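First up is the structure itself, then whatever we jot down about it.
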Protein chains: 2
Amino acid sequence: MTPRSPRPRDRGIPEATVARLPVYLRALQGMAERGTLTISSEDLASIAGVNSAKLRKDLSHLGSYGTRGVGYDVDYLVYQISRELGLTQDWTVAIAGVGNLGRALANYGGFGTRGFRIAALFDADLRVVGDEVAGLVVRHIDTLEDVVGSEDVAIGVIATPAVSAQGVCDRFVEAGVTSVLNFAPVVLNVPPAVDVRKVDLSIELQILAFHEQRKADGQAPPEAGWIDATEKT
Amino acid sequence: MTPRSPRPRDRGIPEATVARLPVYLRALQGMAERGTLTISSEDLASIAGVNSAKLRKDLSHLGSYGTRGVGYDVDYLVYQISRELGLTQDWTVAIAGVGNLGRALANYGGFGTRGFRIAALFDADLRVVGDEVAGLVVRHIDTLEDVVGSEDVAIGVIATPAVSAQGVCDRFVEAGVTSVLNFAPVVLNVPPAVDVRKVDLSIELQILAFHEQRKADGQAPPEAGWIDATEKT
DNA sequence: AGGTGTGAAGGCATTCACAGCA
DNA sequence: TGCTGTGAATGCCTTCACACCT
């Protein structure tokens, strides 16, 4: 009696794994371009900056795509990860706020090597509206609802000043956007069905400052070789 | 016989807590500006987008700064968190790469409401070197070592193209920088004494795409109210 | 031999629930 | 009475170590 749609596999991929898949994907795409056909978990892990056990466990959540004694087929793994991340289809993106940051984002060419299409840029400043940025004409923010509807925007990027962020977010959500990437330094309030990810420069700097202070205090520099950066992230 | 420097308190603050302190700090600074004197864990947690138990446990790692039956003194807590994060001193920052993103970062005024000072901007492009950006003259990348040394730069921000990022990072590290904030889409290799944090647009988008696909597949929209964004981050 | 896939163990982080203090 | 501070419980993530397959 329980309504169940037929689910092929377990689909329960841990969030921590999801966050690393894009890193693996980028590394693999680099390998593919250089003509590498197969790669071991050891080697891929080293490039991606994680340890090999973690990499294998991560990949095992997608299925058994490796060959014992050999490794993983690069192209095949690129495809499987892309599919799992939902990159075999294109997602439509709209950016609100065409200041320095908004421009930087709009011009950021290889949007993760395809998978995303910028459909519109919005701004409230009439001196900016009408300008051409990254091949798009900047629209007035009041056309947001129309455009999100007609272009079927899935992801809204907020690059506005802090004070405008919640308002713009509300409008995105009201118009049907279910994923938001927030660059404004505020905590956004959204319904549970909407996903929000945030990128916050000053938070990152403050975290670094904390560790900087630690290093300055008790001077215990554990100097002993080189490690990969993502290990700590 | 074990060499021990005298440690006042336990200083062992969990990394997850450190990452949230800046959020609390920002919320508290907002309260302080609006003249609020005290705040309960419940209210502060709600503003910061976490639950109150987590907030209390986080703050308890700094000490017992609350008053039972009352709440926390806003100004006092602002000070304690600032001190813990190392924001009572100024950290010197240098930005490498003055493209769209580098400009956006340089112009990002309230660098977390003080605590950070941009000492220099570097670029390899001679058409950019000499330009004035955010009140600073862009220097050639080859002066990096000199400036980092003379200005005592603690934090290096990498806003260069991907191909240049590791090279610039190496130069920062070699010159004595021990914290790096990386905006380039590459995994940086650094010695263990150096902290790296990364900000990666395409990774964030890909994570959103994954969840977007999930929502589209099994259409089980858990509609039931509003929550705070940071809960999921 | 060589390298994947995975049960089991260990370590962190979150949440609960309440003792204890103002 | 009201709200903080915290042991205890729970759950998630990482790491280990090795069985198993090619």
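Letters A, B, ... are given to chains in the order of the sequence lines, protein chains preceding strands, and every chain is numbered from 1. All values reported here derive from a predicted model rather than from experimental measurement.
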I'd like to know if the side chain of Asp90(B) pairs up with that of Thr92(B) as donor and acceptor (distance under 3.5 Å, no hydrogens or angles considered).
no
Judged by nearest nucleotide, the residue sitting upstream toward the 5' end of DNA chain D, Gly69(A) or Asp58(A), is Asp58(A)
On DNA chain D, does the nearest nucleotide to Glu42(B) precede the nearest nucleotide to Lys57(B) from the 5' side, or the other way round? Give the residue.
Glu42(B)
Length of the [atom1]-[atom2] vector between [X] and [N], whole Å:
{"X": "Leu62(B)", "N": "dT4(D)", "atom1": "CG", "atom2": "C1'", "answer": "14 Å"}
{"X": "His61(A)", "N": "dC13(D)", "atom1": "NE2", "atom2": "P", "answer": "9 Å"}
{"X": "Leu77(B)", "N": "dT4(D)", "atom1": "CG", "atom2": "P", "answer": "11 Å"}
{"X": "Gln80(B)", "N": "dT4(D)", "atom1": "CD", "atom2": "C1'", "answer": "16 Å"}
{"X": "Lys54(B)", "N": "dT4(D)", "atom1": "NZ", "atom2": "P", "answer": "17 Å"}
{"X": "Leu55(A)", "N": "dG3(C)", "atom1": "CG", "atom2": "C1'", "answer": "12 Å"}

Does [X] place a side-chain N or O at less than 4.0 Å from the phosphate oxygens OP1/OP2 of [N]?
{"X": "Arg68(B)", "N": "dC18(C)", "answer": "no"}
{"X": "Tyr72(B)", "N": "dG5(D)", "answer": "yes"}
{"X": "Tyr65(A)", "N": "dG3(C)", "answer": "no"}
{"X": "Asn51(A)", "N": "dT15(D)", "answer": "yes"}
{"X": "Arg56(B)", "N": "dT14(C)", "answer": "no"}
{"X": "Ser41(A)", "N": "dT4(C)", "answer": "yes"}

Among dT15(C), dT15(D), dT14(D), which nucleotide sits nearest the side chain of Arg20(A)?
dT14(D)
Nearest-neighbour nucleotide for the Glu15(A) side chain, dA13(C), dT22(D), dC13(D) considered
dC13(D)
Taking it one step at a time, do Phe183(B) and Leu105(B) satisfy side chain to side chain contact (heavy atoms under 4.5 Å, CB included)?
CA-CA 11 Å; Phe183(B) 287 85; Leu105(B) 299 176; 3.7 Å; yes
Given the side-chain rings of Tyr65(B) and Tyr76(B), with only the six-membered ring counted for Trp, is the space between their centroids under 6.0 Å?
yes
Residues, nucleotides or ligands: over 12 heavy atoms within 6.0 Å of Gln89(B) CD:
yes
Does a side-chain heavy-atom distance below 4.5 Å link Ile81(A) with Leu59(A)?
yes
